[in-house]
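One structure below.
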Amino acid sequence: QVQLVESGGGLVQAGDSLRLSCAASGRTFSNPATGWFRQAPGKEREFVAAISSSGAWKGYVDSVKGRFTISRDNAKNTVYLQMNNLTPEDTAVYYCAAPSRAKGASSLRSPQEYDYWGQGTQVTVSS
């Protein structure tokens, strides 16, 4: 079993930055690929970014490219999401997730490919 704990959310103004963290514990396997998703009220959960086990591959949804950066520190079993130039449209609960086995990069944008989820952290951006 893997536990994921997100932190770093908060209330900020448009144009500000936040850095989210996702700490993994439990029976991890070789630092699995990790994804960030978000869900705004009344909307479906949306893929935001994902990073491969080694960190060599990173993928982003078009709406955050150039503003968000995903990274990982495998020594700390932690994945980060640096979010810059935030807009009110980024307001949502942000979740990190990990699969229970190795996945190809092409599958990491789909929430159905993930088995472990954190509890989420709220990000609110005011205009």
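Note that the coordinates shown come from a computational prediction; the quantities given were computed from them, not determined experimentally.
- One side chain, Ser17 or Asn84, offers a donor N or O that lies under 3.5 Å from an acceptor on the other.
- Checked by atom type and distance alone, the side chain of Ser110 never pairs as donor or acceptor with a backbone atom of Leu108 at under 3.5 Å.
- Between Ala98 and Leu4, the shortest heavy-atom contact is N-CD1, 3.7 Å.
- Under the 4.5 Å side-chain heavy-atom criterion for grouping Ile, Leu, Val, Met, Phe, Trp and Tyr, Leu86 is connected to Val93 within one hydrophobic cluster.
- Here the options are Val64, Leu81, Val61, the test is side chain to side chain contact (heavy atoms under 4.5 Å, CB included), and the partner is Trp36; only Leu81 passes.
- Closest non-hydrogen pair, Gly104 versus Ser107, comes out as O-OG, 2.8 Å.
- A cation-pi arrangement is absent between Arg38 and Tyr95 under the rule of less than 6.0 angstrom and at most 45 degrees off the ring axis.
- Legend: residues meeting ring-ring contact (aromatic ring centres under 6.0 Å, His included) with Tyr80, ordered by chain and number and at least two apart, are absent.
- Within the 3.5 Å criterion, the main-chain N or O of Ser100 finds a donor-acceptor partner in the side chain of Asp115.
- Taken from CG in Asp16 to OG1 in Thr87, the straight-line distance is 12.0 Å, to the nearest 0.5 Å.
- Using a distance-only test at 3.5 Å, with no hydrogens or angles considered, a donor-acceptor pair links the side chain of Ser52 to the main chain of Trp57.
- For the residue pair Ser21 and Thr78, the shortest heavy atom distance occurs at CB-CG2, 4.2 Å.
- In the hydrophobic clustering of ILVMFWY residues, with side-chain heavy atoms under 4.5 Å counting as a link, Val125 and Tyr60 come out together.
- Judged purely by distance below 3.5 Å, without hydrogens or angles, the side chains of Thr124 and Gln122 pair a donor atom with an acceptor atom.
- Between Gln82 and Ile70, the closest side-chain pair of non-hydrogen atoms is not below 4.5 Å.
- Contact between Pro88 and Ser127 at its shortest, heavy atoms only, is CG-CB, 3.9 Å.
- Considering only heavy atoms from C-beta on, Asp90 stays 4.5 Å or farther from Met83 through its side chain.
- Hydrophobic clustering, with ILVMFWY side chains joined whenever heavy atoms are under 4.5 angstrom apart, keeps Val2 apart from Ile51.
- For Phe37, the ring-ring contact (aromatic ring centres under 6.0 Å, His included) partners two or more places apart in sequence, or in a different chain, are Phe47, Tyr114, Trp117.
- Side chain of Glu6 to backbone of Cys96: a donor-acceptor contact under 3.5 angstrom is found.
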Practice problem: Decide yes or no on side-chain contact (heavy atoms from CB on, under 4.5 Å) for Tyr94 and Gln39, but give the supporting numbers first. | Solution: CA-CA 7 Å; Tyr94 283 71; Gln39 189 165 19; over 6 Å; no
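- Shown here for Gln119 and Val5, the closest heavy-atom pair between the two residues is OE1-CA, 3.8 Å.
- Between the side chain of Arg67 and the backbone N or O of Ser63 there is at least one donor-acceptor pair closer than 3.5 Å.
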